[in-house]
Amino acid sequence: MGEQPLRGVSAAPGVASGKAVVLDRVGAHEVRILPLDSRAAELDQARHALEVVATEMEHIASGLRDAGRNEEADIVETGVLMAGDPELFARVESLVMKSGRPAGDALREAADESAQELAQLGDSLFAERADDVRSLGRRAAARANGYEPGVISGVIIASTLGPADVAELAMNAKGVALAGGGVTAHAAIVARSLGVPMVVGLGGDVLDVGDGEEVVLDGDDGVLFRYPDRARIAAARAEADRRHAARQSAVVHRLEPAQTKDGHRLHVLANATSVAEIVEALAQGAEGVGLLRTELLYLDARGWPTEAQHASFLKLILASLAGHVATVRLLDFGGDKTPPFLKGAEHRGIELLLDSPDALKTQLGAIVAAGADTKLRILIPMVTSPDQVRAVHEVLGSVLRGRPAPQVGAMIETPEAARRAGEIADVSDFLSIGTNDLTQLVLGLDREHSKSAPVTDVRVLRLIDATVRAGRAAGIPVDVCGEAASDERAMPILVGLGVDELSVAAARVGEVRKWVRGLDFAACRDSSRALLLDQPADAAGKGV
Ligand code: PEP
Ligand code: MG
């Protein structure tokens, strides 16, 4: 059979060849019913998946106990009990035997039903357990569909995935191909951060790919090839080897400063959500973390995270950043990062947090306690006014209890913030430009489904320029932590506009540092100035 290309949109660069691991065998609206004679075997598969997950969790819990982390071990052990819960299994049994649902779907649906019942009890402790049951269902479903954690070496195919799913499932995968999704959605950001090639928007046909079928995923051009010929497979492998070599070279050059040819020094930090990303970023020479997205962990949450939940995540992450810059962003819920308990909320980012001052205080207290050994900075998302920064300072003051105050920075990612950058800079210790939201908001695009992110549109560049000038006037550094900082075309323009720090996808730290060393700062400045004189064009026509 000849090659069959399925075309989508590039969401994370890189090329991968391997066997397809199909997580959603059927389209979102299609329900697969198993024939009667195959249901008993399917139920055995579901039972086995639950046993495998229970064993995995036992291992994780005993590892935590050995490391003296009893509190976390207790939490993981409740997952072991849930996996053996007879009520959960009775639901799975009914879904498989009576309704003919495949094992993976039955596990996910049964867990969702149990979770919903727990959540309806209205107690916050039960609500947390509900999230755990859901996560257990997802894990078991993945095992039933043939996915083994840590040894998956294929190309994941699914209808859509959330950012947390990508973080968990794609860590060791060769690539991700989605029927839906958008390039600027957070799932794509996590894939880029992990260095996993990703193509989105492939349409329902991609779900017809057979489990175990050999495919080539071209994350640069946004294509998935079915039945790839030998030359395509060989080229994909050669490209993967080239990227591997580039990563090795980044590690070798990690101690060389990120300095342009004419001596202009920049700071390159990493965006991260997991310890794995931080370890990778530091190995490639990152000077710390410029954006720790804290909200991605809580996208299934039924209530605001508790201090213990914040602490267990932050302690682990910040321990890996001792002595380094650790920029912890406050919970940025809203848009494609809205957990169930906030569905329908009017505000997002800091405005939403200020509506729940206890939640803000709880998170600030946990950050300050966990970040004592780092060069701690706190970053405020979706700022629109200097009063919001003042409000955070005030709450922060109430949790310090004699400890040194961390720096507090404002994200400039709304047009309002860019217009008021001077006032915001006056009450901030640093500014961080979020080009992802800024671009979408300035140009009126839909972030979750958008097929391009034209940050080089002059309307966006002028706001970035105004922000850098405001930072200069206030004598504070200006960082860019949006995706544009790791884009080969956009990054020199940002440098030319005078930003001081670039916070980039963890997997790209070495590459960005290398690009900086190849730049001429004076030339970048001239080109960026010239670009600011452009007339606004149709946003859709200019893609970065
Ligand atoms: C941004 O908007 O550019 C940003 C860095 O924040 P996030 O992508 O998490 O919304
Ligand atoms: Mg943002």
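Numbers here simply count residues along the sequence, with the first being 1. Whatever order the structure lists ligands and atoms in, that order sets their numbers, starting from 1. We use all heavy atoms of the structure for the numbers below, so side chains are in, but hydrogens, waters and symmetry mates are not.
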N-O pairing of Glu416 and Arg419 below 4.0 Å: no
Between Arg377 and Thr327: side-chain donor-acceptor atoms closer than 3.5 Å: yes
Polar contact flag, side-chain donor to acceptor under 3.5 angstrom, Ser503-Asn271: yes
Carboxylate-amine/guanidinium proximity below 4.0 Å for Asp373 and Arg403: no
Glu483 and ligand 1 - part of the residue with a heavy-atom distance under 4.0 Å: neither
Atom indices of ligand 1 within 4.0 angstrom of Asp437 heavy atoms, with elements: 1 (C), 2 (O), 3 (O), 10 (O)
Donor-acceptor side-chain pairing of His267 and Asp500 below 3.5 angstrom: no
Minimum-distance atom from the Mg ion (ligand 2) among N, O or S atoms of Glu413: OE1
Atom nearest to the Mg ion (ligand 2) - Asp437, N, O or S atoms considered: OD2
Over-ring placement of Arg348 relative to Phe333, 6.0 Å and 45° cut-offs: no
Atom indices of ligand 1, in the order listed, that fall short of 4.0 Å to a heavy atom of Glu413: 1 (C), 2 (O), 4 (C), 6 (O)
Parallel, tilted or perpendicular: ring planes of Phe341 versus Trp304, cut at 30 and 60 degrees: perpendicular
Met382, portion touching ligand 1 at heavy-atom distance under 4.0 Å: neither
Per-atom contacts, ligand 1 versus Gly482 - under 4.0 Å to a heavy atom: 3 (O), 5 (C)
Distance-only polar pair, side chains of Thr435 and Glu483, donor-acceptor under 3.5 Å: no
Sub-4.0 Å atoms of ligand 1 with respect to non-hydrogen atoms of Cys481: 5 (C)
Backbone or side-chain N or O of Glu295 under 3.5 Å from ligand 1 N or O: no
N/O/S atom of Asp332 inside 2.8 Å of the Mg ion (ligand 2), strictly under: no
Within reach of ligand 1, part of Leu291 (heavy-atom separation under 4.0 Å): side chain
